[in-house]
Amino acid sequence: MATTTPSRGRRRAPSRMTRAAGKAAALQKPRVILALLLLLALTSVMLLDGYLRAEVGGDERVRSNASSSKVPDKVLDGGPILSFRGGEAQSQSVPEKTIALTFDDGPNPTWTPQILKILEENDVPGTFFVVGSMVSRYPSIVKDLVNQGNEIGIHTFTHVDLSYQSDDRIAREMDQTQLALAGAAGITTTLFRAPYSSEADAIDNYSWPVYKKLGEEGYTSVFVDTDSDDWKRPGVSKIIKWATPSKNKGASVLFHDAGGERSQTVKALGTYIKKMKAKGYTFTTISGAIRQTESANQQANGQTGQTAQNGQQPGSEQSEQAGGQVPGGQQGQQGQQPGQNGQLGQSGQAGGVNSLQAAHRTATGTTLYEGKALVAAVAVAEWTVPGLATGLAVVGVAVMGRFGMMLILARRHYRQRNKRRFSWGPTVTQPVSVIVPAYNEKECIANTLESLAKSTHPIEIIVVDDGSTDDTSQIARDAARSFGMTNVRVIRQENAGKPAALNNGVRSASYDIVVMMDGDTVFEPDAVHQLVQPFADPEVGAVAGNAKVGNRNTIIGAWQHIEYVMGFNLDRRMYDLLRCMPTIPGAIGAFRRDAVLEVGGMSEDTLAEDTDITIAMHRGGWRVVYQEHARAWTEAPASLKQLWSQRYRWSYGTMQALWKHRKSLTDKGPSGRFGRVGMPLVVIFQIITPVFAPLIDVFTAYSMIFIDFKAALLAWLAVLGIQLVCAAYAFRLDREKYRYLLMMPLQQLAYRQMMYLVLIHSCITALTGGRLRWQKLKRTGEVGTPAGVS
């Protein structure tokens, strides 16, 4: 056993390290917050999109056959237009031989434009009772509708039966629709039609309070007295027949421009308008019908209408435009009097298709800006959610394809490497150098050396103490003496980091093959012998061993055990056959000494020196293989905080290494093979897929809560089943006990989410140009000799 003088290196005083760690921690907090905010934003976008589609907060209840004993008879027997001027219910009918065409449930990008075209061609206005969620999704259609001279009414935001809703929900349904109209067309409206309503005599004791409340707020409720029943799709002739008023009566006629397949409505509408005009009917909006009725009443009472001023209708002390006061207390805007800017002609026809209708108010102030914000947010949701859904579908197919490829290639790898006649070449028997970098490993270093003392292969052991502040060096010397080991050298150097310690060991090695391991790892007796056998093939420059979790008897340890066996080792079998192994684990790996020196040694450019050196070996023209029979047992992080630190460093370091070696994409030979095969696989399945994976869980949770719990649960269980099959096969290949797979469902619910957040955190750090320092994990030394591992 020998001791050499410390090698030169950058000194890192504990106080400086403490200050740097504190500064790094302070810098990481905003990035963690940013990652969580991004996830929260995406969740909010999904909830908004679900609300628009009535998946979130939807209520499909429809009341029927309720008593109307509390509804005044004059309302039940009255016309289809109900207002509450001065707090008193007033019903109005559409004048004789006059039709107010009304359309419900839109706008719809397919049917509404076709209906608008027919109305324009026939110089006929319509009154469209729009659903707020549809308005916010298709604002340009609403703008066209208003510009053409049609009238807008509210049909709630999510098309719910308001008789079942609370006062707060009713207010939201109305206010949100007003905001949507403000954002889409710069207007609000005083007209309202309740979903699932029909004629006025259908008002019941539950819906009557709703109409009274909205009437007091300035809304005019509009019902139907002639229904085309086009939603039944009975055929064009029946739609026309059912929409025709009897005995030359005036009518509020109901059609639909959304809510289903409306081709029959479109075909019937033009013919219907021509037929009604031929019978002497004129067409107007709901506001036009109100004005005609009031004008006729005034003439019958011998009253003389006066010119409307300051937004007031003739013969009224307050504005009678479509029901009086403006909902929500908004004041009438200049230029809204029916005597200007497109009032209806004497026949009731629209005097100008670009006029602002009497029921409309120009949206201003906060209403306008909040409306624009709502429309913008919905536009984001409309693009984001379908895009994410498509992306996640692609990711899902890719993940399933990867599972299939892993199983096929892992099976092929196992059969190929376990054939009786398989051989790398002549048995490698020459001694090798085992390098053990150590920094404050007093809890583990004795166990590590004890396991190496039982090695069946001739070795020299080089312990490189990287400026430990504990008794690591002395414990290593004492352990070597107690185990009777004369092949141990302890080299002390000033603290310079793990790459520097490994390079020091490589330079000090006596043999052509060097084995690298961690100071908290223990080898099985034949691990070194198995690990170096592939070097019988002169093309092999590096070998990855089979790292296993030693402290697996805790929940966190069991989760990592599943990950190591399934994720890491199945992957390495696949990468081995594809000749694009991305990482030789730091816990157990072997290299040709000359090859390591040839590529510049272990680099300090990244935090994943094991990935960095592996890619460098590929670029140097060497083959990198996986030796499953070379097993080592390592101590995995025992707490979530330590696990986060380790995986954060791994993820960030991997990104650094991939970026550093990005030129391999255009190289030739083994380097190009890694760049065009290995690098895309790593980027897709170790970065991109995990980054999007939390969204799969968010979509699943969303589906369970708001759409179809059973279907979503079955889909989640199906994916879990596929993963269990892959994991079980990986355990079979590694001859592991299946009982640990009982922890897999919990791993998918908790551990996997943490790994995703770690990766997202790493991506944000990389994108924001952050720097991450090496973070030493606290060791317990609970991983003993391999014989003691169960």
Side-chain angles (χ1 to χ4, degrees), residues 4 7-9 424 428 430-438 452 457 459-464 466 489 491 493 496-519 521 523 527-528 531-545 547 572 575-576 579-627 630 632 653-654 656-658 660-661 664 667 669-671 674 678 774:
T4 67
S7 61
R8 296 175 63 85
W424 294 100
V428 177
Q430 62 264 38
V432 300
S433 300
V434 179
I435 302 170
V436 186
L452 292 174
H457 196 93
I459 59 174
E460 71 162 349
I461 303 169
I462 303 173
V463 178
V464 183
D466 184 36
R489 283 187 286 160
I491 300 176
Q493 67 176 37
K498 184 178 180 181
L502 289 170
N503 287 333
N504 197 350
V506 170
R507 289 192 299 268
S508 303
S510 304
Y511 303 111
D512 294 334
I513 298 175
V514 293
V515 173
M516 299 181 185
M517 66 184 298
D518 289 336
T521 302
F523 276 13
V528 174
L531 189 64
V532 300
Q533 294 312 305
F535 289 109
D537 183 343
E539 293 183 357
V540 173
V543 181
R572 290 194 178 102
Y575 286 126
D576 188 351
R579 295 201 173 193
C580 57
M581 183 86 64
T583 304
I584 294 176
I588 177 169
F591 300 83
R592 293 190 189 274
R593 180 175 180 272
D594 291 343
V596 173
L597 297 175
E598 180 184 305
V599 300
M602 309 297 288
S603 173
E604 297 182 3
D605 294 340
T606 74
L607 290 174
E609 78 290 333
D610 45 6
T611 300
D612 195 343
I613 187 64
T614 306
I615 299 176
M617 296 296 289
H618 284 293
R619 301 194 70 188
W622 295 99
R623 183 182 174 190
V624 181
V625 300
Y626 172 56
Q627 175 59 290
T654 298
Q656 289 178 311
L658 293 175
K660 175 181 176 180
H661 295 284
S664 64
D667 287 345
S671 177
F674 176 82
W774 185 279

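Computed from a predicted model, the values in this text were never measured in an experiment.
To the nearest 0.5 Å, atom NZ of residue Lys498 and atom CE of residue Met516 are 9.5 Å apart. Distance CZ/Phe591 to CE/Met602: 5.5 Å, rounded to 0.5 Å. For the atom pair Gln627 CD and Trp424 CH2, the distance stands at 7.0 Å (nearest 0.5 Å). Atoms CD and OG, on Glu609 and Ser603 in that order, are 9.5 Å from each other to the nearest 0.5 Å. Taking CD1 of Ile513 as the start and CD of Gln430 as the end, the distance is 5.0 Å to the nearest 0.5 Å.
Scored by the side-chain contact (heavy atoms from CB on, under 4.5 Å) test, Val599 finds Ile613, Ala616, Met617 as partners (sequence neighbours excluded). Residues satisfying the ring pair (Phe, Tyr, Trp, His ring centres under 6.0 Å) test with Trp622, not counting sequence neighbours, are none. With sequence neighbours left out, the ring pair (Phe, Tyr, Trp, His ring centres under 6.0 Å) criterion links His661 to no other residue. Applying the salt bridge (charged side-chain N to carboxylate O under 4.0 Å, His left out) rule to Asp576 yields the partners Arg417; only residues at least two apart in sequence or on another chain are considered. In terms of the salt bridge (charged side-chain N to carboxylate O under 4.0 Å, His left out) criterion, Arg593 has no residue partners (sequence neighbours excluded). In this structure Tyr575 satisfies the ring pair (Phe, Tyr, Trp, His ring centres under 6.0 Å) test with no other residue, sequence neighbours excluded. With sequence neighbours left out, the side-chain contact (heavy atoms from CB on, under 4.5 Å) criterion links Asp610 to Thr583, Ala608. Gln533 meets the side-chain hydrogen bond (donor to acceptor under 3.5 Å, both in side chains) test with His529; sequence neighbours excluded. With sequence neighbours left out, the side-chain contact (heavy atoms from CB on, under 4.5 Å) criterion links Ala501 to Pro437, Val464, Asp466, Gln493. Residues that satisfy the salt bridge (charged side-chain N to carboxylate O under 4.0 Å, His left out) test with Asp537, not counting sequence neighbours, are Arg623.
Between Val463 and Ile491, every side-chain heavy-atom pair lies at or beyond the 4.5 Å cut-off. At least one side-chain heavy atom of Ser508 sits under 4.5 Å from a side-chain heavy atom of Arg489. With a 4.5 Å cut-off on side-chain heavy atoms, Val596 and Arg592 do not count as touching. Counting only heavy atoms from C-beta outward, the side chains of Ile615 and Phe674 approach each other to under 4.5 Å. Here the side chains of Gln656 and Asp605 are not in contact, with every heavy-atom distance at 4.5 Å or above. Using a 4.5 Å cut-off on side-chain heavy atoms (C-beta onward), Thr606 and Thr611 make no contact. Ile462 has its side chain out of reach of Val436: every pair of non-hydrogen atoms, C-beta onward, lies at least 4.5 Å apart. With contacts defined as side-chain heavy-atom distances shorter than 4.5 Å, the pair Val432/Val528 qualifies.
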| message | I'd like to know whether Ile459 forms a side chain to side chain contact (heavy atoms under 4.5 Å, CB included) with Ser433, so could you lay out the CA-CA distance, the side-chain angles of the two residues, the decisive distance to 0.1 Å, and finally the verdict. | response | CA-CA 6 Å; Ile459 59 174; Ser433 300; over 6 Å; no

| query | After noting the C-alpha distance and the side-chain angles of His457 and Val532, does the key distance pass the side chain to side chain contact (heavy atoms under 4.5 Å, CB included) rule? | reply | CA-CA 9 Å; His457 196 93; Val532 300; 3.8 Å; yes

| said: Walk me through whether Leu452 and Phe523 qualify under side chain to side chain contact (heavy atoms under 4.5 Å, CB included). | reply: CA-CA 6 Å; Leu452 292 174; Phe523 276 13; 3.9 Å; yes

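Taking every heavy atom of both residues into account, Met517 and Val434 meet most closely at SD-CG1, 3.7 Å. Residues Ile435 and Gly505 approach most closely at CD1-C, 3.4 Å, considering heavy atoms. What you find for Ala590 and Val515 is that their closest heavy atoms are CB-CG2, 4.0 Å. Between Ile584 and Thr614, the shortest heavy-atom distance links the atoms N-OG1, 2.9 Å. Scanning all heavy atoms of the two residues, the minimum distance from Ala547 to Ile588 falls at N-CG2, 4.0 Å. Across every non-hydrogen atom of Pro585 and Gly545, the tightest pair is CG-O, 3.8 Å.
Pairs of residues two or more places apart, or lying in two chains, that qualify as salt bridge (charged side-chain N to carboxylate O under 4.0 Å, His left out) and include a residue from residues 612-622 are Asp612-Lys660, Arg619-Asp667.
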